[in-house]
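Treat the numbers as computed from the prediction; the structure is a model and nothing was measured. Convention: sequence-line order gives letters A, B, ...; per-chain numbering from 1.
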There are 2 protein chains.
Amino acid sequence: MAQSTERLRRYLEDELGECRSEDVERRLDELGTLEAALGTAQVGAELDVLSALSNETRYTLVRVLVGAREELCVCELHAVVDVTESGLSHALSALVDAGLVEGRKDGRWKKYRATNRAVALVTVLDGSVSPDE
Amino acid sequence: MAQSTERLRRYLEDELGECRSEDVERRLDELGTLEAALGTAQVGAELDVLSALSNETRYTLVRVLVGAREELCVCELHAVVDVTESGLSHALSALVDAGLVEGRKDGRWKKYRATNRAVALVTVLDGSVSPDE
DNA sequence: CTATTAATTGAAGAAACATTCAACCTAAGC
DNA sequence: GCTTAGGTTGAATGTTTCTTCAATTAATAG
């Protein structure tokens, strides 16, 4: 919520024919309610997930792990993305933080797999985004 | 796809008990297939959508428009986010490019509404992300 | 036609991000 | 024990991405 309400008043005058202070107040309230519909914590968490996904390296890793339907070793994932070992580790760590991937140590190897959240998101993206744009 | 296959060879030796060159080749192939499962164009488009959403201002706008279930005037949206008019315009333009929002001019006002794609994505995010993280 | 208002555009500085290098930790192997 | 290999961490840098300011377009009002 923020900023000058002058323009909004003129807009409501246009829409409603007339406009009193309380009309502006009411509309601001409605808009505020829409904005706050989910808590700030929820929105913050969703933004974290989106930020984690919106990077080519990380998104590729998620896609591959979702597609694999099984856990993959870091050394296998390294064959799939074009970053250093360190970069790969940073990427996986960000995905773990976002709850998109889970890691497990297995002897001297470390394996990662996609979470249900990752599967759900990738599925929707595939379904609602067509390549021609 | 990239990088040294030495570690992968050793990993496969561990997993399979033995490992010939062709085993490494085959595994690299499988991984490559996973990575290429969707075309590059598709992945690029999905990344564009994710990048558009992964910003507080833009995500808030999408959430409000999805929640409103009707078109809202720029001057109304301005009451909801904390950026300049110019910033708001840039944000809306990015959302249009990503196919998350559609704009329509109405006299001297301009109105935006959420697309189906936006509704689908917000719905899944709400469903799969819980606030406590 | 001029002035005003709604909104957009481009450029530029500031802030956030991603990637790498180097150092490090841990588990196995000798 | 020592060494090697898999993987992670933190700091630094180079690149993107935001946000703003100033100028601009388009529509209405006078």
Side-chain angles (χ1 to χ4, degrees), chain A residues 2-15 44 47-48 50-61 71-98 101-112, chain B residues 2-15 19 44 47-61 71-98 101-112:
Chain A
Q3 308 283 56
S4 108
T5 61
E6 277 316 303
R7 194 189 306 194
L8 179 58
R9 159 175 237 110
R10 284 191 289 267
Y11 175 65
L12 292 178
E13 251 159 38
D14 249 37
E15 293 288 297
L47 270 170
D48 287 345
L50 289 166
S51 302
L53 279 179
S54 64
N55 165 271
E56 183 170 4
T57 298
R58 292 191 298 263
Y59 189 55
T60 302
L61 290 171
E71 56 185 13
L72 294 179
C73 174
V74 170
C75 62
E76 292 178 295
L77 292 170
H78 197 200
V80 158
V81 291
D82 206 12
V83 290
T84 60
E85 219 172 301
S86 170
L88 173 55
S89 198
H90 281 297
L92 287 168
S93 154
L95 291 173
V96 169
D97 288 348
V101 139
E102 283 170 0
R104 166 178 89 85
K105 202 153 194 206
D106 183 17
R108 50 176 177 158
W109 310 99
K110 182 133 184 202
K111 300 179 177 176
Y112 286 90
Chain B
Q3 309 282 58
S4 109
T5 60
E6 276 315 302
R7 194 191 306 196
L8 179 58
R9 159 177 238 109
R10 284 191 289 268
Y11 175 65
L12 293 177
E13 250 160 39
D14 250 37
E15 294 287 297
C19 173
L47 270 170
D48 287 345
V49 172
L50 290 167
S51 302
L53 279 180
S54 64
N55 166 269
E56 183 170 5
T57 298
R58 293 190 299 264
Y59 189 55
T60 301
L61 290 170
E71 55 185 13
L72 294 179
C73 175
V74 170
C75 61
E76 293 179 294
L77 293 170
H78 196 199
V80 159
V81 291
D82 204 13
V83 290
T84 60
E85 219 173 302
S86 171
L88 173 56
S89 198
H90 282 297
L92 287 168
S93 153
L95 291 172
V96 169
D97 288 347
V101 139
E102 281 170 1
R104 166 179 89 86
K105 199 148 196 208
D106 183 17
R108 50 175 176 159
W109 309 99
K110 183 134 183 201
K111 301 178 177 177
Y112 285 90

[atom1]-[atom2] distance between [X] and [Y], expressed to the nearest 0.5 angstrom:
X      : Y      : atom1 : atom2 : result
L77(B) : S89(B) : CG    : OG    : 11.0 Å
Y11(A) : C75(B) : OH    : SG    : 6.0 Å
L61(A) : H78(A) : CG    : NE2   : 10.5 Å
E56(A) : S51(B) : CD    : OG    : 10.5 Å

Is any side-chain heavy atom of [X] less than 4.5 Å from a side-chain heavy atom of [Y]?
X       : Y      : answer
L53(B)  : R58(B) : no
V83(A)  : H90(A) : no
W109(B) : R7(A)  : yes

Nearest-angstrom distance from the residue atom [atom1] of [X] to [atom2] of [N]:
X       : N       : atom1 : atom2 : result
L95(A)  : dA18(C) : CG    : C1'   : 13 Å
L88(A)  : dT9(D)  : CG    : P     : 12 Å
E85(B)  : dG10(C) : CD    : C1'   : 16 Å
R58(B)  : dT19(D) : CZ    : P     : 8 Å
L53(B)  : dC18(D) : CG    : C1'   : 16 Å
R104(A) : dG6(D)  : CZ    : P     : 18 Å
D97(A)  : dT9(D)  : CG    : P     : 9 Å
W109(B) : dT8(C)  : CH2   : P     : 13 Å

With a 4.0 Å cutoff (strictly under), does any side-chain N or O of [X] reach OP1 or OP2 of [N]?
X       : N       : answer
Y112(B) : dT8(C)  : yes
R10(B)  : dA5(D)  : no
T57(A)  : dT19(C) : yes

Enumerate the protein-to-nucleotides 14-16 of chain C contacts in which both atoms are nitrogen or oxygen and the separation is below 3.5 Å.
none

> Between dT9(C), dT8(D), dT8(C), which nucleotide has the shortest distance from any of its atoms to the side chain of K110(B)?
Replying inline: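 Comparing dT9(C), dT8(D), dT8(C) against the side chain of K110(B), the answer is dT8(C).
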>> Return whichever of R7(B) or N55(B) has its heavy-atom-nearest nucleotide of DNA chain D closer to the 5' end.
In response: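 On the 5' side of the pair lies R7(B).
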> Mapping D14(A) and E6(B) to their closest nucleotides on DNA chain D, which lands nearer the 5' end?
Replying inline: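 So the residue in question is E6(B).
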> Can you name the nearest heavy-atom pair linking A52(A) to A94(A), along with the distance?
Replying inline: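 Smallest heavy-atom distance, with atoms named: CB-O, 4.3 Å.
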>> If you count every heavy atom of other residues, nucleotides or ligands that lies below 6.0 Å from E71(A) atom CD, does the total exceed 12?
In response: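 Yes - once you tally the heavy atoms of other residues, nucleotides and ligands closer than 6.0 Å, there are more than 12.
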> Just one of D97(A), T57(A), V74(A) clears the side chain to side chain contact (heavy atoms under 4.5 Å, CB included) bar with L92(A), so which one?
Replying inline: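 Only one option passes, and that is V74(A).
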Scan nucleotides 21-27 of chain C against the protein and return all N/O pairs shorter than 3.5 Å with their distances rounded to 0.1 Å.
unit_1: dC21(C); atom_1: N4; unit_2: S86(A); atom_2: OG; d: 2.5

> How do S93(B) and S51(A) order along DNA chain C: which one's closest nucleotide is nearer the 5' end?
Replying inline: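 Comparing both residues, the 5'-ward one is S93(B).
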